Amino acid sequence: MTSTNTCSFCNYTPARTVNAGAHRVGISTDEVVEYYSKWSHDGKYEQDLCPEWYKGPSIAADVVAEYFRHNVSHVNILDVAAGTGLLGEQLQDRRFKHLDALEPAAGMLEQARKKNIYTNLYCEFLDGNRLPIDDDMYDCCVISGGMGEGHIPCDGLHELIRITEQGGLICIVMCEDYLYDVTEYRGRLEKLMQKLEDDGKWKKLSRDVVRQYCFNHNGVIFNFKIC
Ligand SMILES: C[S@@+](CC[C@H](N)C(=O)[O-])C[C@H]1O[C@@H](n2cnc3c(N)ncnc32)[C@H](O)[C@@H]1O
């Protein structure tokens with residue numbers, strides 16, 4: 001990202017417009033991964049979503065570090081929708097050692113792999129389908145920026161719960177607007193979160209809104225403890 005806030009592709013389109021392209025209304029899952037894989041080339045994604053404009057990874061890492069503050073080195077974490085590994089780097093900076101990544105865009109995952117911070121890397125979608133991961137494998141599943149149009153659907157929550165052990169943390173950091181603007185989530189995502197709590201699957205610990213999470217958009221941070 002340059003100080004003029006322009007895109008790394010063309011030095012003209014605002015980076016926020018490039019970001020919006022990954023979330024355009026009606027984008028399919030295949031188009032999403034193709035878009036991100038292309039964007040990941042030559043570090044372009046990380047230039048555009050630099051810490052000045054995109055705070056998801058640092059916010060998520062702070063939340064996870066606070067939750068596991070007495071036990072950092074033994075915590076098994078799955079970085080869901082890991083992208084190029086920005087969150088993994090932030091977690092490593094906070095002394096977490098056992099990090100895996102799940103990411104469906106091969107180009108993004110390749111960038112993450114090069115950082116040598118993840119043990120297992122899964123090139124998979126989180127959706128309603130069963131992941132190749134055993135029950136209760138993780139102390140923590142964390143999502144930074146993986147929610148959006150054509151991204152992780154509501155049904156993905158069931159798999160997060162299955163693979164996270166009792167007492168573990170699920171942390172979801174996302175753009176607040178998407179709760180209302182994305183058809184998949186509008187009137188559904190928070191309803192499902194509540195139903196899962198009513199069914200005794202997890203307990204909501206917090207729901208916080210943060211300012212200027214990505215460009216000038218607010219973020220929302222959900223934290224759930226697995227029952
Ligand atoms: C804005 S990027 C966030 C990447 C990284 N977590 C970060 O904070 O930089 C969104 C990521 O979600 C991934 N994604 C989209 N749909 C997904 C799905 N169904 N399951 C898992 N990841 C998905 C995309 O491929 C992309 O890498």
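Since the structure is predicted, the reported quantities are computational estimates derived from the model, not experimental observations. Whatever order the structure lists ligands and atoms in, that order sets their numbers, starting from 1.
Counting only heavy atoms of the protein, atom 22 (N) of ligand 1 lies nearest to Pro104 CD, 3.1 Å. What sits closest to atom 9 (O) of ligand 1 on the protein, heavy atoms only, is Tyr45 OH, 2.7 Å. Protein heavy atom closest to atom 10 (C) of ligand 1, with residue, atom name and distance, is Gly145 O, 3.2 Å. The protein heavy atom nearest to atom 19 (N) of ligand 1 is Leu126 O, 3.0 Å.
Between Arg130 and Asp135, at least one side-chain nitrogen of the basic residue sits less than 4.0 Å from a carboxylate oxygen of the acidic one, meeting the salt-bridge criterion. Here Glu197 does not pair with Arg207 in a salt bridge; the nearest charged N to carboxylate O distance is not below 4.0 Å. With respect to the salt-bridge test (charged N to carboxylate O, under 4.0 angstrom), the residues Asp48 and Lys44 do not qualify.
Residue Ser144 places at least one N or O, backbone or side chain, under 3.5 Å from an N or O of ligand 1. Backbone and side-chain nitrogen or oxygen atoms of Gly146 are examined, and none is located within less than 3.5 angstrom of a nitrogen or oxygen of ligand 1. Checking only distances, Ala81 does come within under 3.5 Å of ligand 1, N or O to N or O.
Judged by distance alone, the side chain of Asn76 and the main-chain N or O of Asp139 form no donor-acceptor pair under 3.5 Å. With hydrogens and angles ignored, the 3.5 Å screen pairs a side-chain donor or acceptor of Arg162 with a backbone N or O of Ile133. Using modelled atom types, one side-chain atom of Arg186 and one backbone atom of Tyr180 make a donor-acceptor pair closer than 3.5 Å.
Asp127 does not count as a contact of ligand 1, since none of its heavy atoms falls under 4.0 Å from the ligand.
Proximity to Ala82 (heavy-atom distance under 4.0 Å) selects the following atoms of ligand 1: 5 (C), 6 (N). Within ligand 1, the atoms closer than 4.0 Å to a non-hydrogen atom of Glu103 are 11 (C), 13 (C), 24 (C), 25 (O), 26 (C), 27 (O), numbered from 1 in the order shown. Heavy-atom contacts of Ala105 reach the following atoms of ligand 1: 25 (O) (cutoff under 4.0 Å). Numbered from 1 in the order shown, with element, the atoms of ligand 1 that lie under 4.0 Å from a heavy atom of Ile152 read 16 (N), 17 (C), 18 (C), 19 (N), 20 (N), 21 (C).
The 12-atom threshold is exceeded at NZ of Lys115, counting heavy atoms of other residues, nucleotides or ligands nearer than 6.0 Å.
Residue contacts with ligand 1 for His151 involve both N, CA, C or O and side-chain atoms from C-beta outward (heavy atoms, distance under 4.0 Å). By the criterion of a heavy-atom distance under 4.0 Å, the side chain of Pro57, and not its backbone, is placed next to ligand 1.
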Q: Given side-chain contact (heavy atoms from CB on, under 4.5 Å), test Trp202 with Asn223 step by step and report yes or no.
A: CA-CA 10 Å; Trp202 65 13; Asn223 282 311; over 6 Å; no

Q: Could you go through the side-chain hydrogen bond (donor to acceptor under 3.5 Å, both in side chains) check for Tyr36 and His151 one step at a time?
A: CA-CA 11 Å; Tyr36 278 109; His151 287 56; 2.8 Å; yes

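Remark: among candidates Tyr36, Trp39, Tyr54, the nearest residue to atom 1 (C) of ligand 1 is Tyr36, based on non-hydrogen atoms.
Of all heavy-atom pairs spanning Ala22 and Trp39, the tightest one is CB-CZ3, 4.4 Å.
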